[in-house]
Amino acid sequence: MPTAIFASFESGIIYAIMALGVYLSFRILDFPDLTVDGSFVTGAAVAATMIVSGYNPVVATLTAIVIGFAAGCITGLLHTFGKINALLSGILMMIALYSINLRIMGRSNVPLLNQETAFTGIEGMWVPLGIDTALNNLWMAVGFGEPLPGTWSILFIMVIITLAIKFLTDAFLKTEIGLALRATGDNQRMIRSFSANTNLMIILGLGISNGMVALSGALIAQYSRFADVGMGIGMIIIGLASVIIGEALFGTKTIARTTLAVIGGAIIYRLVVSMALRVEFLETGDMKLITAVIVILALIMPKVMDRYKDKKRKAQRMTERLNKVSLTTEGKGDNGAAIKSNS
């Protein structure tokens with residue numbers, strides 16, 4: 001069990017970067033961008049292919065971000081200048097990226113088992129420090145039993161990277177361009193009246209969103225040590241699940257709180273899936289079904305809770321009114337009795 005939880009935290013914090021990208025397109029821009037299913041694989045394909053070809057893993061990862069950004073910009077161009085429906089433009093780009101990803105990889109799967117990745121480089125610097133031994137000993141001393149496998153380096157580094165991206169996103173959304181981006185998602189007509197270029201904002205927003213998604217794909221490929229052309233199927237649902245779960249559990253009062261909620265939602269999603277797969281009658285092939293059920297519950301439960309709270313408030317108000325009426329009636333009865341006794 002501790003091993004499964006640890007692995008869920010590791011993968012969840014990497015998928016959180018993808019969830020932040022989905023948050024930008026769906027919540028900030030109010031754009032249903034299905035490019036995510038393709039750009040995630042694009043990031044993985046570019047990074048894996050470049051690493052196998054002998055390029056530095058960091059350079060490969062940065063290149064994946066640029067290619068993902070370009071894919072998002074093309075989706076924005078299809079919608080703004082091509083006047084194609086938002087949903088359809090994302091679908092068209094997703095389909096096109098499937099063939100592009102196959103071209104990039106040259107085959108359907110690129111293994112990275114014997115390749116130097118960004119994570120192996122980090123592990124090489126981390127292991128001599130002796131932090132893993134200390135943390136595992138502490139873990140066992142606390143009473144959690146078996147030591148955690150592998151290394152803590154990936155979790156620590158990914159927490160730092162993900163939080164850095166979160167803070168950069170928060171800062172960007174508070175800049176003049178970021179505010180224009182948010183206003184474009186809220187009310188395009190209003191922001192146009194201030195002479196803002198909404199087309200440019202949509203293109204830029206989708207580019208940044210898919211750049212984050214591609215970064216997540218590149219890191220997942222290096223974490224899993226392979227890139228596959230089908231690894232992006234249903235990725236948009238995973239991103240939406242992370243956003244919805246995070247918003248439902250942690251709230252959305254501020255941008256900073258919402259982006260932190262999205263990260264928390266991604267981790268919780270991976271934990272829930274990990275726990276669900278431990279149920280005897282469920283199999284690995286049921287993962288997409290589990291994802292769909294989680295999203296459905298995440299969408300329905302807040303509404304059910306709101307209705308329950310609304311009914312509770314109405315019942316409380318009705319009780320207070322009845323109490324006031326009964327008190328008023330009792331007061332009048334006492335006065336009437338007093339008048340009769342005096343007469």
Side-chain angles (χ1 to χ4, degrees), residues 7 10-22 24 35-75 93-94 96-127 150-151 153-166 168-169 206-233 235 238-239 266:
E10 273 189 340
S11 59
I13 202 70
I14 301 175
Y15 279 111
I17 300 173
M18 181 270 296
L20 285 171
V22 172
L24 278 180
T35 312
V36 171
D37 280 16
S39 59
F40 184 86
V41 183
T42 301
V46 170
T49 303
M50 289 186 69
I51 289 171
V52 169
S53 300
Y55 286 89
N56 185 285
V58 176
V59 174
T61 305
L62 293 175
T63 305
I65 297 173
V66 174
I67 302 299
F69 179 85
C73 288
I74 293 172
T75 301
M93 193 61 202
M94 176 185 68
L97 283 174
Y98 184 86
S99 297
I100 293 170
N101 295 333
L102 278 174
R103 285 276 187 175
I104 292 171
M105 291 190 291
R107 54 186 186 274
S108 61
N109 188 288
V110 176
L112 295 172
L113 294 174
N114 299 317
Q115 300 295 327
E116 185 78 16
T117 67
F119 293 128
T120 55
I122 292 168
E123 288 174 19
M125 294 183 291
W126 178 274
V127 172
T151 175
S153 61
I154 296 174
L155 180 61
F156 270 75
I157 294 301
M158 283 313 307
V159 166
I160 293 171
I161 292 173
T162 303
L163 287 178
I165 293 171
K166 175 246 187 306
L168 286 172
T169 303
L206 292 177
I208 295 172
S209 170
N210 284 279
M212 288 185 181
V213 172
L215 170 60
S216 180
L219 293 173
I220 285 293
Q222 295 175 71
Y223 174 75
S224 304
R225 291 190 170 276
F226 76 93
D228 189 88
V229 74
M231 66 191 297
I233 297 173
M235 203 53 59
I238 295 173

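Expressed to the nearest 0.5 Å, how far CD1 of Ile65 lies from CG of Leu219 amounts to 8.0 Å. A distance of 14.0 Å separates CZ in Phe156 from CD1 in Ile161, rounded to the nearest 0.5 Å. For the atom pair CG of Leu215 and CD1 of Ile17, the computed distance is 4.5 Å after rounding to the nearest 0.5 Å. To the nearest 0.5 Å, atom CG of residue Leu163 and atom OG1 of residue Thr169 are 11.0 Å apart. The distance from atom CE of Met158 to atom CD1 of Ile14, rounded to the nearest 0.5 Å, is 5.0 Å. Taking OG1 of Thr117 as the reference point, atom CG of Asn56 lies at 11.0 Å (rounded to 0.5 Å).
Although no hydrogens or angles enter the test, the distance criterion places a donor-acceptor pair under 3.5 Å between the side chain of Asp37 and the main chain of Met235.
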As a quick check of understanding, evaluate side chain to side chain contact (heavy atoms under 4.5 Å, CB included) for Ile208 and Phe69, giving each step before the final call. CA-CA 6 Å; Ile208 295 172; Phe69 179 85; 4.1 Å; yes
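When every heavy atom of Ala47 is checked against every heavy atom of Ala218, the shortest pair comes out as CB-CB, 3.6 Å. The shortest non-hydrogen separation linking Thr35 to Ala71 is CG2-O, 4.4 Å. Looking at every heavy atom in both residues, Ala227 comes nearest to Ala221 through CB-CB, 4.3 Å. The two residues Ala64 and Ala214 come nearest to each other via the heavy atoms O-CB, 3.3 Å. Counting all heavy atoms, side chain and backbone alike, Ala266 lies closest to Ala16 at CB-CA, 3.6 Å. Shortest non-hydrogen contact noted between Ala60 and Met50 is CB-CB, 3.7 Å.
Here side-chain hydrogen bond (donor to acceptor under 3.5 Å, both in side chains) pairs that include residues 212-229, with residues two or more places apart or in two chains, are Glu10-Tyr223, Thr61-Gln222, Asn109-Asp228. Residue pairs meeting the side-chain hydrogen bond (donor to acceptor under 3.5 Å, both in side chains) criterion with at least one member in residues 156-166, sequence neighbours excluded, are Lys166-Asp170, Lys166-Thr259.
Side-chain atoms of Met93 and Asn210, non-hydrogen and from C-beta on, never get closer than 4.5 Å to each other. No side-chain heavy atom of Thr63 sits under 4.5 Å from any side-chain heavy atom of Tyr55.
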Show every donor-acceptor pair shorter than 3.5 Å between a side-chain atom in residues 97-105 and any protein atom, with sequence neighbours excluded, or say none if there are none.
| from | atom 1 | to | atom 2 | distance (Å) |
| --- | --- | --- | --- | --- |
| Asn101 | OD1 | Thr42 | OG1 | 2.7 |
| Asn101 | ND2 | Gly38 | O | 3.4 |
| Asn101 | ND2 | Leu97 | O | 2.9 |

